[in-house]
Number of protein chains: 2
Amino acid sequence: MDVDTRLLRYFAAIAEEGNLTRAAHRLFVSQPSLTKQLKHLESQLGVRLFTRSSTGMKLTEAGHVLAARVPPVLAGWDAAVSETRGAARVLRVGFLSSAANDATQDVVAAFGKVRPGWRVDLRQAPWSDPTAGLAAAEVPVALLRLPFPGEETFGVRTLFSESRCVALPSTHRLAGRDSVPFREVRDEPVIVAPALKGAWRDHWLAMSERDGREVRVGAVVERPDEFLSAIAGGYGIALVPSSASHFHSRPDVVYVPVTGVSPSEVAVAWLPDAGEAAADFVRCCLEVTRSRRTGCGTRWG
Amino acid sequence: MDVDTRLLRYFAAIAEEGNLTRAAHRLFVSQPSLTKQLKHLESQLGVRLFTRSSTGMKLTEAGHVLAARVPPVLAGWDAAVSETRGAARVLRVGFLSSAANDATQDVVAAFGKVRPGWRVDLRQAPWSDPTAGLAAAEVPVALLRLPFPGEETFGVRTLFSESRCVALPSTHRLAGRDSVPFREVRDEPVIVAPALKGAWRDHWLAMSERDGREVRVGAVVERPDEFLSAIAGGYGIALVPSSASHFHSRPDVVYVPVTGVSPSEVAVAWLPDAGEAAADFVRCCLEVTRSRRTGCGTRWG
DNA sequence: CGTCTTCCTAACCTGACGGCATGGACGTCG
DNA sequence: CGACGTCCATGCCGTCAGGTTAGGAAGACG
């Protein structure tokens, strides 16, 4: 019988949580989707795995059997993937476009010295995935920004902090300022990405600085160019890392440093069972950024 | 990293065959589909698994590693499924509508005596699947007709043979006959199902009796009612098991016994690792049919 | 040098999956 | 005892992945 291994991870999560809603939240999917997936699994097996009630889900006898057998299967598969990648001497590294920069090549070079013969396969993650492929285990290690959903389940090391700016249309009343306190812009509509959820959303909308005020959404965008156009068009503003002013400069968009919001952190994160090569890569990240910080004073971003 | 286990079986088949086309044939999918799936797997892994050439596919080093790890993973999953179903004391049995009949309930009753507390979950297979769910391992055991695709890879026991008829519109020139030699109808257009392929196709079109003559397809139908309408409408004729005359009788369709074609066999088939309960079911099938044949003379179908 | 084999690509279609909005059952609390 | 909260199920819809057929390039072979 064939199933997607994702479905097995869903089942394992539901079994652990004993609660569909909670499991859905943990897996970053909607609860109806989990309901459907689980029914699908049960129907394929022809076996009821949980008894449902308004107080939660409880494993049936057969469910217990499956719950005991699934984790080793998943572990076996994950190990197979990791060994295969190791045999190819390829380290795949996910990154958010906003988290990689000119230091990245130094990290790759350092890794090349530690692991001669290996190739680093840098994969830019789509905007919609703040985990840069880590959550789906498409990559064993990634360069990304904190906070991100599922942060607790991975190894994480912060590389450096970076202040934040507000992106404004060049015609905006605050466009000429050297710096702006966040409260002066917190009532403006904001541009958001569809995937902005949970702690990730709270961070980039600076929810903690809004005193519970409603967020007005000016536009929802999928890609960076849409994002910039939305800003330029006056549909709203957005918080971005300072380095965005380098990588996304446009005449009709200005970036003004913002005070009163926490800085954004760039980090390297890895899967629990990422393997030795990934650990080496993490070490290289830490060494390169330390020498940059303490050395010639060059700043990332 | 998440994949459908079907993809792993595809990979294993390609690795064994060393040839996409042959593997596609064995898996009953088209070769382009395999190409795409394999590329998908490689891209998810970020690793090239085969070197391609016009002479076939050859595993890379990394491919060998994966090929060694995948079978245990699949075996683990299959065992988990089988144990889970066993724990639920449910035996799921697939059947073709044309292969089950009034003896089936006797088999189920006999099984109930051998395995008290167990439930038999009879699942009618869609017309498009001559393996009745066996090939996809949706069921561990099935009642079906020989030949069927992939027959060699399963356990098979023939239960009984049944002569074949030709289904004709009641207005057909041969509709009144008591019996018809196959060569008298072999030039008529035939009604076929989309899934008619390979040996299954050869059997139901009686290819071996056509002396290499082209088959004219009168219509392609998805479901039994369409099939009957196509016959009644004069779009073509078709070979069917004699028992169809009971289960699909219609005033505008007649069934005439055909000579010169091999009989159709009803069989029980099971997965190699189907388990004890399935083995018991097979035994019950054999006992019930033997007693029916040698006993009171009642005929199946 | 044609022919066959083998794999890749393109275009199209269908079915499955995920999300949102909503409904129904059950337990809890004022 | 009624209102509310929690939890799971269902219906609808848009998107995407997987399948199929058709067509093409590259190498092996007689």
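The model shown is predicted, which means the values in this text are computed figures rather than measured ones. Chain A is the first sequence line, chain B the second, and so forth, proteins listed ahead of strands; every chain is numbered from 1. FYI, side chains are in, hydrogens and waters are out, and symmetry mates aren't considered; it's all heavy atoms of this structure.
With sequence neighbours left out, Arg48(A) forms a salt bridge (charged side-chain N to carboxylate O under 4.0 Å, His left out) with no residue at all. In this structure, the side chain to side chain contact (heavy atoms under 4.5 Å, CB included) partners of Ala88(B), at least two apart in sequence or on a different chain, are Val47(A), Ala62(A), Val90(B). In this view, Arg119(A) satisfies the salt bridge (charged side-chain N to carboxylate O under 4.0 Å, His left out) rule with no residue, not counting sequence neighbours. Listed by chain and residue number, Arg173(A) satisfy the salt bridge (charged side-chain N to carboxylate O under 4.0 Å, His left out) test with Glu188(A) (two or more places apart in sequence, or in another chain). Here Arg89(A) pairs with nothing under the salt bridge (charged side-chain N to carboxylate O under 4.0 Å, His left out) rule; sequence neighbours left out. Partners of Gln31(B) according to the side-chain hydrogen bond (donor to acceptor under 3.5 Å, both in side chains) rule, which considers only residues two or more places apart in sequence or in another chain, are Thr35(B).
Taking only side-chain nitrogens and oxygens, Tyr10(A) never comes nearer than 4.0 Å to OP1 or OP2 of dC17(C). Close to dA16(C), at under 4.0 Å from its OP1 or OP2, lies no side-chain N or O of Gln37(A).
Spacing between atom CG of Leu38(B) and atom C1' of dG18(D) amounts to 15 Å, rounded to whole angstrom units.
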Going by atom type alone, with no hydrogens or angles, which donor-acceptor pairs under 3.5 Å involve a side-chain atom of residues 132-150 of chain A and a protein atom two or more places apart or on another chain?
from, atom 1, to, atom 2, distance (Å)
Arg145(A), NE, Ser98(A), O, 3.4
Arg145(A), NE, Ser98(A), OG, 3.1
Arg145(A), NH1, Glu162(A), OE1, 3.1
Arg145(A), NH1, Ser264(A), OG, 2.8
Arg145(A), NH2, Ser98(A), O, 2.8
Arg145(A), NH2, Glu162(A), OE1, 2.7

Less than 3.5 Å apart, which donor and acceptor atoms pair up between the side chains of residues 65-75 of chain A and the rest of the protein, not counting sequence neighbours?
from, atom 1, to, atom 2, distance (Å)
Arg69(A), NE, Glu83(B), OE1, 2.5
Arg69(A), NH2, Glu83(B), OE1, 2.5

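If you check every strand for non-hydrogen atoms under 4.0 Å, Ser30(B) touches a base.
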request  = Please step through side chain to side chain contact (heavy atoms under 4.5 Å, CB included) for the pair Ile191(A) and Tyr235(A), ending with a clear verdict.
outcome  = CA-CA 7 Å; Ile191(A) 312 297; Tyr235(A) 294 102; 4.0 Å; yes
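Pairing each heavy atom of Met1(B) with each of Trp77(A), the nearest pair is O-NE1, 2.7 Å.
Rounded to 10 degrees, the angle separating the terminal helix axes of the helix from dC1(C)-dG30(D) to dG30(C)-dC1(D), each built from five base pairs, is 20°.
Using a 4.0 Å cut-off on heavy atoms, the residues of residues 42-54 of chain B that approach DNA chain D are Ser54(B), listed by number. The stretch residues 17-26 of chain A does not touch DNA chain C, since none of its heavy atoms comes less than 4.0 Å from the strand.
Side-chain proximity of His40(B) to the nucleotides dG18(D), dG18(C), dG19(D) is greatest for dG18(D).
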N/O contacts under 3.5 Å, protein versus nucleotides 10-16 of chain D?
from, atom 1, to, atom 2, distance (Å)
dT10(D), OP2, Lys39(A), NZ, 3.3

